[in-house]
Every structure is written in structure tokens, then in C-alpha cells.
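These notes are about the structure you will find just below.
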Amino acid sequence: MTITSPHLGSSDAWTDARLLYALEEVVENELNRHLKVAKDWMPHEYVPFTDGRNFPGIFEDGEAWEPQQSKVTDIGRIALVVNLLTEDNLPSYHHEIATLFGRDGAWGTWVHRWTAEEGRHGIVMRDYLLTSRAVDPDKLEQFRMAHMAEGFESDNRHSMLHSVAYVAFQELATRVSHRNTGHQSGDPVCDRMLARIATDENLHMVFYRNLLGAAFEIAPDLTMQSVRDVVVNFRMPGHGMPGFERAAAQMAIGEIYNMRIHHDDVLSPVLRFLKVLEIDGLGPEGLKAQEELGLYMNGLDSEASKFDEKLAARKARMAARAAG
């Protein structure tokens with residue numbers, strides 16, 4: 001597509017303050033659309049409280065946690081902990097976007113609404129995990145304390161445009177991770193809960209994706225550079241949690257989140273919807289960023305294909321051992 005909307009002649013003229021002002025009307029429209037389609041839901045309605053019982057502590061009749069007490073699969077446990085610990089850092093995420101986007105007007109209303117909706121996710125996931133005894137409650141709390149005490153700073157905190165680009169992809173990545181975790185959990189109750197969370201994450205993705213599209217209209221070169229930077233350096237917000245690398249590797253093998261999923265189900269849909277690689281009329285820096293983005297996506301696709309082959313070979317070996 002060709003950018004025809006008027007924009008300031010120089011990328012240097014676009015400060016965060018000017019971008020926030022220029023996009024305010026878009027934010028208001030997207031907020032109103034979001035409020036019309038978003039459905040309120042009650043976290044307690046997704047938790048099997050009748051399955052709950054006391055843990056040791058102040059209750060003398062408390063029953064110690066054992067892995068076999070839950071029907072959740074091993075990979076389901078791993079992914080649920082990663083997903084919950086990611087949600088636990090909501091105070092840091094709120095601080096960051098409130099600092100970047102502000103607390104006034106449509107931007108501020110969205111920031112607070114988004115935070116309130118995200119808060120439900122941590123509530124329902126923790127209640128489910130403890131009630132269903134899917135994970136060791138002591139270790140879960142130890143992980144939470146270690147993760148939050150470490151603090152969180154986004155790679156994109158320096159730039160409003162980088163942050164908008166990041167969350168457009170990250171919200172979709174989170175939706176995909178939750179949905180796949182539900183499918184692999186082995187528990188229909190868990191699957192329904194995570195499907196409900198994934199619906200929220202998808203609406204959040206649509207909000208930020210549409211905002212990113214508007215940014216391309218008014219500041220195409222800067223937005224293209226931001227998207228290039230975010231895609232090439234993308235990391236999930238939970239990357240700093242204890243044992244994340246090992247858990248991420250297990251989730252990749254378990255087909256909850258890996259390179260193929262990242263390329264096909266997260267990056268490509270957003271880039272394709274916005275026709276990012278088809279935009280013309282860019283300046284030198286924007287064109288360079290677009291070309292580098294295309295090269296990166298091709299390279300990631302090739303790497304994902306190699307991963308697919310290794311995963312298929314691993315499955316074949318496991319099937320052969322099981323048959324023998």
C-alpha cells in the first residue's frame with residue numbers, strides 16, 4: 001500500500017508527545033470499539049472450588065502437595081507457571097505504559113482499563129492452580145517473590161512507538177501461549193479458563209494492532225523502524241523469571257510456543273494484516289528497515305524449518321522407543 005496521509009516531513013519532528021497527541025482520536029475510537037465488544041467475566045466462575053482442600057500451615061488437617069493430585073500434564077504445569085509469573089508483573093507493566101502513554105484522556109482511560117482486565121488473568125490462574133493442586137504452592141510463591149523482587153524493565157521503555165509495536169505482537173504471543181497451554185493441559189477446566197483469558201488477549205492485540213496501523217499512516221518511516229527493531233529483538237516479558245530458559249525450551253518441544261509458532265501465528269499475522277512489507281513511499285531509513293524486516297522474517301522461517309525437522313525426528317525416536 002502507498003502512504004498518502006499527510007505527515008511531518010522529517011522523522012526527527014515526531015516526538016513521543018506529538019505522536020501521543022496525533023493518535024489520541026484513534027485511541028478514543030479504539031477504546032470505544034473495545035468497550036462495545038469486550039465482555040465482563042467473573043474469575044471465580046472458572047475455578048473448581050469444590051476440588052480445593054487445605055494445605056499444611058495454620059490448618060492442622062492440611063494435606064501436603066503431591067504431583068499426582070492434579071490431572072494437569074507436566075508440560076501444562078511448566079507453561080502455567082510461566083504464564084502466571086508473567087501476569088504477576090502487572091504492576092511493572094502498568095507503570096511502564098502509564099509513564100509512556102499518560103494517565104489523562106483516552107490514553108489514560110485505556111491504560112487503566114487494560115490493567116483491570118489483565119488483573120483478572122492472574123487472579124483466575126492462581127486460584128485455579130492452588131485449588132486444583134496443579135503446582136507446588138510453596139515453589140510457586142517462591143518463584144513469584146524472586147521474579148517480582150528482580151524488577152522488570154521493558155526493552156522498549158525508551159520509545160512510545162516501540163512500545164506500541166511490541167505490545168501488538170506480545171499480546172498475540174500471550175494469547176497463543178495461553179491457548180496452546182490449555183490444549184496441552186489435559187484438563188478441560190483449565191482449557192476453558194485459558195480460552196477465556198486468550199479472548200481478552202486477542203482484543204488487546206486488536207487494539208494495539210489498529211493503533212500501530214494508524215501510526216504507519218502518520219509516521220511511516222519511524223513506525224517501520226520501530227517494528228523492525230521490535231521484531232528482530234523480540235523477547236517475551238517473562239524472560240527474566242527464574243528458570244525461564246529451561247522452561248521456554250520445554251515449551252518449545254511441547255509445541256506451546258516455539259520458533260514456528262512465533263513466525264506463523266504471531267509475527268506473520270500482524271505484519272500481513274497491516275501489509276507492512278508492502279508499504280511504499282518510504283524514506284531511506286524506512287525502506288532500509290522494511291528490507292531488513294523482510295530478510296529477518298525469511299531467516300526466521302528457515303530457522304523454524306530446521307527446528308521443525310529436529311522436533312519431528314525427536315517424536316519419531318520417542319515413538320520408536322514406545323513401540324519397542
Side-chain angles (χ1 to χ4, degrees), residues 1 75 78-79 82-83 86 154-156 161-184 194-195 197-199 201-213 215-216 223-240 244-279 282 286-316:
M1 76 179 168
I75 188 60
I78 292 167
V82 170
N83 292 349
T86 300
S154 166
D155 297 329
N156 306 292
L161 263 185
H162 280 75
S163 294
V164 170
Y166 176 75
V167 289
F169 295 106
Q170 183 267 324
E171 292 283 2
L172 183 52
T174 305
R175 173 200 134 189
V176 168
S177 180
H178 282 311
R179 203 68 194 91
N180 289 342
T181 300
H183 292 328
Q184 302 276 12
L194 292 176
I197 292 174
T199 299
E201 303 290 7
N202 193 64
L203 291 178
H204 297 164
M205 178 276 294
V206 170
F207 179 97
Y208 287 119
R209 183 196 65 191
N210 292 351
L211 187 57
L212 186 62
F216 268 115
T223 306
M224 186 66 73
Q225 292 172 70
S226 298
V227 169
R228 183 268 320 273
D229 294 344
V230 163
V231 168
V232 170
N233 299 298
F234 187 88
R235 295 193 297 175
M236 289 294 275
H239 62 80
F244 178 78
E245 288 76 13
R246 176 175 172 78
Q250 292 169 309
M251 290 168 68
I253 294 170
E255 297 182 90
I256 287 176
Y257 202 94
N258 55 39
M259 276 192 289
R260 173 54 61 200
I261 293 169
H262 185 58
H263 177 278
D264 290 1
D265 300 338
V266 176
L267 298 181
S268 293
V270 174
L271 295 176
R272 186 168 54 245
F273 182 89
L274 297 176
K275 299 181 180 179
V276 173
L277 296 178
E278 300 171 30
I279 293 174
L282 295 165
L287 184 60
K288 178 174 180 257
Q290 186 183 50
E291 292 173 347
E292 290 174 349
L293 180 61
L295 289 172
Y296 176 82
M297 290 297 293
N298 290 335
L300 180 62
D301 187 37
S302 297
E303 289 299 312
S305 294
K306 294 176 184 177
F307 175 83
D308 292 341
E309 293 172 3
K310 291 179 181 178
L311 186 59
R314 184 178 185 278
K315 287 181 178 178

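- Taking CD1 from Ile261 and CE from Met259, the interatomic distance works out to 11.0 Å, rounded to the nearest 0.5 Å.
- Of the possible donor and acceptor atoms, none in the side chain of Asn156 sits under 3.5 Å from a partner among the backbone N and O of Ser163.
- Of all the heavy atoms in Val230 and Ala165, the pair that sits closest is CG2-CB, 4.0 Å.
- Side-chain contact between Leu293 and Leu271 is present, with heavy atoms from C-beta onward closer than 4.5 Å.
- Using a 4.5 Å heavy-atom cutoff, the side chains of Ile197 and Leu194 are in contact.
- Shortest non-hydrogen contact noted between Ser177 and Ile256 is O-CG2, 3.8 Å.
- Taking the six-membered ring for Trp, Tyr208 and Phe169 have ring centres at least 6.0 Å apart.
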**Request:** I would like to know whether Met297 and His263 meet side chain to side chain contact (heavy atoms under 4.5 Å, CB included); could you show each step before the answer?
**Result:** CA-CA 8 Å; Met297 290 297 293; His263 177 278; 3.7 Å; yes
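- Considering every non-hydrogen atom in both Gln250 and Ile75, the closest pair reads O-CD1, 3.3 Å.
- Using a 4.0 Å cut-off between a side-chain N of Lys or Arg and a carboxylate O of Asp or Glu, Lys306 and Glu303 qualify as a salt bridge.
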Side chain to side chain contact (heavy atoms under 4.5 Å, CB included) between His262 and Leu267: does it pass, once the steps are laid out? CA-CA 6 Å; His262 185 58; Leu267 298 181; 3.5 Å; yes
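- Looking at heavy atoms from C-beta onward, Tyr166 lies out of side-chain contact with Asp155 at the 4.5 angstrom threshold.
- The distance from the NE2 atom of His162 to the OG1 atom of Thr223 is 10.0 Å, given to the nearest 0.5 Å.
- Summarising the geometry, atom CG belonging to Asn202 is positioned 8.0 Å from atom CZ belonging to Arg209; distances are rounded to the nearest 0.5 Å.
- You'll find the side chain of Asp301 reaches within 4.5 Å of the side chain of Arg260, heavy atoms only.
- Met251 CE to Asn83 CG: the interatomic distance, rounded to the nearest 0.5 Å, is 5.0 Å.
- Look at Glu171 and Arg175 and you find no salt bridge, because none of the NZ, NE, NH1 or NH2 atoms lies under 4.0 Å from a carboxylate O.
- A distance of 11.5 Å separates CG of Leu287 from CD1 of Ile279, quoted to the nearest 0.5 Å.
- Of all heavy-atom pairs between Ile78 and Ala247, the closest is CG2-CB, 3.8 Å.
- By the 4.5 Å heavy-atom criterion applied to side chains, Val82 and Met236 are not counted as neighbours.
- Between Val270 and Leu172, the shortest heavy-atom contact is CG2-CD2, 3.9 Å.
- Using a 4.5 Å heavy-atom threshold, the side chains of Val276 and Met224 count as touching.
- To the nearest 0.5 Å, the span separating CG on Leu212 from CZ on Phe273 amounts to 11.0 Å.
- Side-chain contact between Thr174 and Tyr257 is absent, with no heavy-atom pair separated by less than 4.5 Å.
- Annotation: side chain of Val167 is not in contact with side chain of His204 (no heavy-atom distance under 4.5 Å).
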Practice problem: Go through the steps to decide whether Glu292 and Val232 satisfy the test side chain to side chain contact (heavy atoms under 4.5 Å, CB included), and finish with yes or no. | Solution: CA-CA 9 Å; Glu292 290 174 349; Val232 170; over 6 Å; no
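- With hydrogens and angles ignored, the 3.5 Å screen pairs no side-chain donor or acceptor of Gln170 with any backbone N or O of Pro237.
- For Ala173 against Val266, the heavy-atom pair with the smallest separation is CA-CG2, 3.7 Å.
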